[in-house]
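Only heavy atoms go into these numbers, but all of them, side chains included; no hydrogens, no water, no symmetry mates.
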Amino acid sequence: MVDKPRLPEERMLVEQLRLQLGNIGASVIPTILLALLLVWVLSNETNALAMRAWAGTIILLKLYLAWDARRLLASEINPASARRLLARKMVLNAIDGVAWGALAWAALGSTTVAGSVLVVAVLAGVAGSSMSSLAPILPAFIVFGTAELVVLGAKLWSMDDPAYDALGAAAILYTAALLGQARNGSRAARRAIGLRFENLELIERLRIETEHAQAAHRAAEEANLAKSRFLAAASHDLRQPIHAQGLFLEVLSRTKLSADQYDVLANARATWQASAEMLDTLLDFSRIEAGVVEPQAQVFALQPLLNKIENELAPQADAKGIVYRSRETHAAVRSDPALVALILRNLVSNAIRYTERGGVLVAYRARGEQVVLEVWDTGIGIEPAQHQAIFREFHQLGNAERDRRKGLGLGLAIAHGLARALGQELSLVSVPGRGSVFRLTLPAARAGVVADVGEPLPAQARVFDLRVLVIDDDESVRTGMRQLLGAWGCACDVADSIEEAQALARAHRPGLVISDYRLRELRTGAEAIAALRTEFGATLPALLITGDTAPQRLREARATGVPLLHKPVLPSQLYRAMTAVLNGRELDSSFAALDARRA
């Protein structure tokens, strides 16, 4: 068997550079706002000049990096000059890391304890954010993280305080964890680039070898399977740090912070939520592919659902200067409210995305024993030849450059797959240049409404009084779970293997087990829970949490019968799940991703 030729390293480096340079522009405004906010919050008579000098340096450096990235992207990056550009990039990122680390020298020792916590939290958040944006080029993140860590560590250890010494040691561990995640992200980026070139070569071969249509079809199926495996692996690797980040943000929110610090925390949560929602979109599609969608039909009123969608998405329409309207209705239908909400959300989001003038209308029509939900828009319209293609995964109109602000190209594929799962029809009528209308047919309900869409958490969450055993092979996740569950009143034991979990359980019998699905040595959380239940009884409450989105893995996890949550898990979602299993209730089997958005 002949090995596939590897992509030339220089060509791979060019694509990595372009991928990383494309990430810079999105961070300019947040960086400027963060620098100004820190000056406002942390400045006092002692450090005002230093803080202003630091903020000016950060803002000018970020503007220069954005300008330089735009200039390089506008030109053709030559493979012969890629190594020189990489060296230049590493120098600039080392300077950027030193500049961010200098915040510690400007603020620590001259501000309050809460201010010191904020400084360290901001530097940790900047390191985590830089891991995501710089991961396509691992050396660039290494020099940034090392430079920031060295400057921060020098300040912490110069303060001659054991608490700050411990904080410096924690910063080293945190940076090491980020380096591990950055390595995984870099590998995923390289695989993605290689896969993209492979797909281009496949298309060329299909054009030339039309007489081998059957062989080409098999090759396309194999490429699609490779894509699914890659997405599952990349999604799992990215979900781990994002899941842990959400836990830490929840713990931080329970500390005593000023109003300004809560604003910074809210911005960090919003950024985390955006990352989580993109991963949830991949999860929604994977669940459809895996065939694990089980609709829970019940009677519910349409109007609360329409109100919820309008409240959520109308601001997006307002920001574009287009009109969003939904007609009032007293109708009720019999279907799965969570899945119907997800279908409608994807249709409305798609309509807003492709409408520049006019507006979007969500309407209702009664047709005998059926109800038709309609989403009208005055957007670009869709050519008849594209009416089937737009329901395919990753297919987008007018987005050849794959602008991430235009989504992943999965919204209509998810909506179409969910309609099939519900056994209902999703149809399209469109006129190019004038707009489109998507129609979802649902069975009308005659009985009274017995369900509502959206079940908020109680205003005051109760404190749990039990011992929880957490099993996860990721240290940051274990730390975050320990802190969050401790804040909820739980005594928490953590283990990274089945054997360690059994030993801890024998020492302190748990009242609840929460396990990651994929553990080391190809073992699973299902095995861990089964072993513990064999020893401590089949009624031992348990939850599985997974970052996997591979269809086969989803089917395996679902078949265990243990309630399953998907990373990144919102703390409110985890709280509901714990409450349900401890009270002996079944979890709602609708999409976990939709539950996360509800929360």
**Asked** Just how far is it from atom CD of E45 to atom OG of S110, taken to the nearest 0.5 Å?
**Response** 12.0 Å
**Message:** Could you tell me if the side chain of V126 sits less than 4.5 Å from the side chain of E148, heavy atoms only?
**Reply:** yes
**Request:** Kindly say whether V494 contributes a backbone atom to a donor-acceptor pair with the side chain of R478 at under 3.5 angstrom?
**Result:** no
**Item:** Partners passing ring pair (Phe, Tyr, Trp, His ring centres under 6.0 Å) against W67 (at least two apart in sequence or in another chain)
**Value:** Y64
**Item:** M578 and W488, any side-chain heavy atoms less than 4.5 Å apart
**Value:** yes
**Message:** Just so I know, are the side chains of L574 and I514 near enough to count as touching, which here means a heavy-atom distance under 4.5 Å?
**Reply:** yes
**Message:** Main chain of K155, side chain of S158: is a donor-acceptor contact present, judged purely on distance under 3.5 Å?
**Reply:** yes
**Prompt:** Does the side chain of S515 come within less than 4.5 Å of V470's, by heavy atoms?
**Reply:** no
**Message:** Taking R353's backbone N and O only, do any of them form a donor-acceptor pair with N350's side chain (distance below 3.5 Å, no angle check)?
**Reply:** no
**Complete:** Contacts satisfying salt bridge (charged side-chain N to carboxylate O under 4.0 Å, His left out) that involve residues 48-75 (not counting sequence neighbours) are D68-R71, D68-R88
**Asked** Are the side chain of W105 and the backbone N or O of V151 linked by a donor-acceptor pair below 3.5 Å?
**Response** yes
**Prompt:** Listed by chain and number, what are the side chain to side chain contact (heavy atoms under 4.5 Å, CB included) partners of R84, not counting sequence neighbours?
**Reply:** S81
